[in-house]
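Since the structure comes first, as structure tokens, the remarks are kept for the end.
Chain letters run A, B, ... following the sequence lines, proteins first, then strands; residues in each count from 1. Since the model is a prediction, treat every value here as computed from it, not as a measurement.
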2 protein chains.
Amino acid sequence: MRKERKSNVTIKDVALRAGVSTSTVGRVVGNYGYVSDETRKKVLKAMKEIGYYPNAIARSLKRRRTQTIAYLVPSITNPFFSQIATSIEDLASSHEYNLILCNAGTKADKLRKITNMLLENRVAGIIHSLPCTDALYNLVEVFQSAHIPIVSASGSRRFSEVDRVMADDIQGARDATRFLLELGHSRIALLAVKNSTTSKLRTKGYKEAFQQTGRKLHEELIVEGPDFSEDSGYTLMKVLLGRSKPPTAVVAFNDVMAVGAIRAIKEEELSIPEDISLIGFDDTIARLTQPPLSSVALPMGEIGRVAIRILLDRIEGKDTGEPKKVVLKEKLVVRDSTGQLGTGHG
Amino acid sequence: MRKERKSNVTIKDVALRAGVSTSTVGRVVGNYGYVSDETRKKVLKAMKEIGYYPNAIARSLKRRRTQTIAYLVPSITNPFFSQIATSIEDLASSHEYNLILCNAGTKADKLRKITNMLLENRVAGIIHSLPCTDALYNLVEVFQSAHIPIVSASGSRRFSEVDRVMADDIQGARDATRFLLELGHSRIALLAVKNSTTSKLRTKGYKEAFQQTGRKLHEELIVEGPDFSEDSGYTLMKVLLGRSKPPTAVVAFNDVMAVGAIRAIKEEELSIPEDISLIGFDDTIARLTQPPLSSVALPMGEIGRVAIRILLDRIEGKDTGEPKKVVLKEKLVVRDSTGQLGTGHG
DNA sequence: TTGTAAGCGTTATCAT
DNA sequence: ATGATAACGCTTACAA
């Protein structure tokens with residue numbers, strides 16, 4: 001015989017069993033107010049015996065607030081987001097909050113639907129990593145007027161009314177470029193991406209590095225592809241290598257593009273880093289390339305942690321100040337794809 | 001002046017505004033029962049005007065069930081799980097279910113905590129991809145006795161009381177091995193992993209391929225590492241290459257191990273596939289290796305879809321039959337790391 | 001076709 | 001220190 005645990009054991013049942021009132025049981029369960037040790041023991045015993053566990057739904061209804069927060073991403077498959085998600089989940093969970101993870105995809109309808117669902121489920125707050133779209137505008141407006149706090153974690157930077165935490169794309173690219181400049185390179189190419197805010201900021205950082213060191217910038221070495229794909233990296237690199245004066249170093253705006261670049265470079269029978277130094281961004285698959293790729297690591301974990309801390313402070317009313325903007329440092333991880341200029345036959 | 005949307009507009013408010021009863025409003029909101037067109041319009045108008053949206057918490061309390069399901073994984077960072085998660089989320093969302101994603105990690109405490117939280121929040125059902133542990137036993141027991149359906153999506157296979165959907169590891173390895181046999185290879189090495197059910201099953205498939213084709217199996221070419229890491233793949237491959245009779249083809253039990261193997265092979269100045277053919281598993285980063293890796297793709301999307309379908313059928317009582325066990329096919333994706341035996345100098 | 005009223009399982013206020 | 005009771009916002013017989 002299997003022990004059947006009735007799923008609707010209520011406080012009332014416990015009260016009956018323990019021979020006390022529901023409010024006394026409530027005090028024991030919620031651990032507040034005055035309860036004598038003796039009574040507490042009786043209640044605890046009754047709870048065990050009939051297998052009581054609290055009903056969070058009823059509690060939420062009564063308290064008029066949930067312990068649920070949501071994290072919205074374009075795609076959880078992207079390791080960038082899943083790492084942020086992990087750190088959010090971690091802290092949320094240790095503060096007794098549940099995390100609803102929402103894949104908003106790219107369709108406006110989906111995000112609208114999610115917005116409604118979150119509203120109806122009375123989430124206590126949301127964190128998102130979404131790009132700026134009409135549907136996001138709608139979301140922000142709706143949640144703001146419902147007084148539900150929002151934090152952008154490496155999402156759209158455009159809403160000055162919401163708390164934002166993001167990586168310092170300018171600094172990351174500046175550091176990477178500077179590192180190459182210090183290795184003696186000056187013909188440093190940039191594999192950039194059209195219509196990307198991130199790409200624009202990184203390009204800015206690249207330029208700053210040249211300015212700060214007083215070295216000459218070669219504008220023609222900044223090339224733009226349509227997206228952050230491997231093909232994009234491959235094609236751009238091919239173009240650069242076909243020129244009369246190819247670069248001696250390359251910064252690709254993510255690791256996947258860098259993989260494309262590696263393929264192009266090897267096809268031309270050149271070696272990394274002897275002929276060409278290469279740096280990627282994101283530090284995701286960088287350990288696995290051949291040679292292991294130097295890459296600018298983004299502080300995903302930190303982004304998530306800061307975002308959730310801000311959110312919890314907002315939810316619990318500990319922070320009622322102006323919207324924050326937190327910018328976190330990126331960090332170059334040096335591996336084997338970068339070397340001093342002129343060690344090869346280039 | 002910002003329009004302030006009061007967050008606690010209730011059915012009662014709408015009823016008052018529209019001059020009807022709460023139950024009439026309820027009928028309009030829930031879209032059931034008889035409501036005259038005229039009344040419906042009045043109610044709809046009132047809803048718009050005062051910005052009403054339903055309270056899912058109250059509804060859940062009343063109906064004694066939620067529209068929430070949970071998906072538990074060891075780590076959402078693993079692309080294997082995040083892809084399953086995506087397909088689950090997709091179908092769940094289109095059936096008006098919310099998905100709570102839980103990172104159970106590896107500590108028993110965390111899973112116990114999640115178990116309780118899920119129970120208290122009255123989730124309608126759960127899907128998991130967790131390995132067999134005491135904490136999972138506890139989870140299964142607790143949910144079973146609360147009559148909350150569970151589906152294992154490529155998780156522990158040990159519970160015959162729960163629905164299980166998984167990939168056919170035996171068939172995947174068999175197909176991969178067979179493919180290599182047909183290319184003329186017979187000295188086919190296996191980079192396996194100790195204490196892994198999956199590894200055991202794949203090894204079985206490997207052996208079946210030899211049996212079915214009547215070719216001679218070289219037991220000594222089956223080597224085991226401690227885990228599925230790149231280092232593991234590298235070290236095992238080094239060992240194999242150091243032998244007097246090295247293999248002409250290799251099956252690595254995931255892509256990351258295959259990357260390690262590639263490194264080892266290149267270090268010995270051998271080429272892929274001319275000297276050695278290589279096949280990975282998972283088809284995650286396989287496109288990005290040099291050369292692009294042939295790899296056995298697991299049906300992650302399909303696993304998620306089947307799992308959520310089964311779960312929804314259970315939740316909605318459409319399926320009250322015996323626990324199901326669904327096994328889905330793996331599929332070899334051929335790229336450039338595999339070739340006919342003897343095209344190189346080996 | 002519409003309205004009344006009794007819960008769902010908690011929490012919180014007020015007595016006792 | 002404990003108990004009675006009224007909400008929380010919705011659904012749903014049942015009555016009208």
Sidechain N-carboxylate O distance under 4.0 Å for K324(A), D163(A):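 Salt bridge absent between K324(A) and D163(A).
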
Residues E49(B), K45(B): salt bridge by 4.0 Å N-O rule: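 Answer for the salt bridge query: yes.
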
Proximity to the side chain of S23(B) - top-ranked nucleotide from dT2(D), dC8(C), dT12(D): dT12(D)

Ring centers of Y71(B), F81(B) separated by less than 6.0 Å: no

Can you check the [X] [atom1] to [N] [atom2] distance for me, whole Å?
X	N	atom1	atom2	result
M47(A)	dG9(C)	CE	C1'	14 Å
K42(A)	dA1(D)	NZ	C1'	12 Å
R65(B)	dG7(C)	CZ	P	23 Å
Y32(A)	dT13(C)	OH	C1'	11 Å
R27(A)	dA1(D)	CZ	P	10 Å
L61(A)	dT11(D)	CG	P	12 Å
I57(B)	dG9(C)	CD1	C1'	13 Å
I11(A)	dC8(D)	CD1	P	19 Å

Counting only side-chain nitrogens and oxygens, does [X] get under 4.0 Å of the OP1 or OP2 atom of [N]?
X	N	result
Y52(B)	dC10(D)	yes
T39(A)	dT2(D)	yes
T10(A)	dG9(C)	no
R63(A)	dC8(D)	no

Base of [N], side chain of [X] - is there a donor-acceptor contact under 3.5 Å?
X	N	answer
R64(B)	dG7(C)	no
R122(B)	dG9(C)	no
T24(A)	dG3(D)	no
K62(A)	dA7(D)	yes

Selection residues 84-109 of chain A - residue pairs positive for salt bridge (charged side-chain N to carboxylate O under 4.0 Å, His left out), sequence neighbours left out: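 Qualifying pairs, neighbours excluded: E89(A)-K110(B), E96(A)-K113(B).
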
Touch class at under 4.0 angstrom, heavy-atom based, for V20(B) against every strand present: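 Sugar-phosphate: the residue V20(B), judged by heavy atoms under 4.0 Å, touches backbone atoms but no base.
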
Touch class at under 4.0 angstrom, heavy-atom based, for S36(B) against every strand present: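 Counting heavy atoms under 4.0 Å across all strands, the contact made by S36(B) is with sugar-phosphate only.
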
Distance (rounded to the nearest 0.5 Å) between I150(B) CD1 and L311(B) CG: 9.5 Å

